[in-house]
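As the structure is a computational prediction, the values presented were derived from the model and not from experiment. Computed over heavy atoms, backbone and side chain alike; hydrogens, waters and symmetry mates excluded.
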Amino acid sequence: PLGAWIDSVAHVAANASSEVWNRLRSPVVPVCYGGTFASMRERIMAIDRSIWAELARRLSRADNLEEGHYMERLWGTLLGPIPSFERRQRILGRASYTIVNYTANTVNAR
């Protein structure tokens with residue numbers, strides 16, 4: 001469901017802003033856990049009003065929506081710095097061969 005939701009928001013974004021479209025469709029995005037984030041006014045204002053209006057519409061229909069959890073993760077994508085191409089490549093390169101096993105209270109990475 002997150003992918004489909006991002007696709008639907010990205011469709012609105014594509015009509016308003018190629019930057020937001022690129023942010024949402026990137027294979028590597030910054031995420032925000034816990035709903036706590038900070039941003040500069042310039043980043044907020046850089047996003048087209050139609051995108052904010054669409055997000056507000058989607059998030060105002062009820063409390064504790066699935067979409068609210070999606071947005072909690074995506075604040076970093078919308079408002080944070082975009083990882084450089086080199087950084088994204090390093091992350092993707094590591095992801096192709098890193099396996100993380102969580103057992104008890106230990107983490108084993110190969």
J.: Would you check if Pro30 and Pro83 make a side-chain contact, meaning some heavy-atom pair closer than 4.5 Å?
T.: yes
J.: Working to the nearest 0.5 Å, report the span between OG of Ser60 and CD of Glu67.
T.: 10.5 Å
J.: With the 4.5 Å side-chain cut-off for hydrophobic clustering, are Ile51 and Trp75 part of the same group?
T.: yes
J.: To the nearest 0.5 Å, what is the distance between CH2 on Trp52 and CE on Met45?
T.: 10.5 Å
J.: How about Arg87: does its CZ atom have over 12 heavy atoms from other parts shown lying under 6.0 Å from it?
T.: no
J.: Let me confirm one number: the CG-CD1 distance from Leu78 to Ile44, rounded to the nearest 0.5 Å.
T.: 10.5 Å
J.: Got Ile47 and Leu79 here, is their nearest side-chain heavy-atom distance under 4.5 Å?
T.: yes
J.: If two hydrophobic side chains count as joined below 4.5 Å and joins carry through other members, does Leu55 share a cluster with Leu74?
T.: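 Same cluster.
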J.: Working to the nearest 0.5 angstrom, can you tell me the gap between Ile91 CD1 and Arg88 CZ?
T.: 9.0 Å
J.: Thinking salt bridges, do Arg58 and Glu54 make one under a 4.0 Å N-O criterion?
T.: yes
J.: Rounded to the nearest 0.5 Å, what separates atom CD in Glu66 from atom CE in Met71?
T.: 14.0 Å
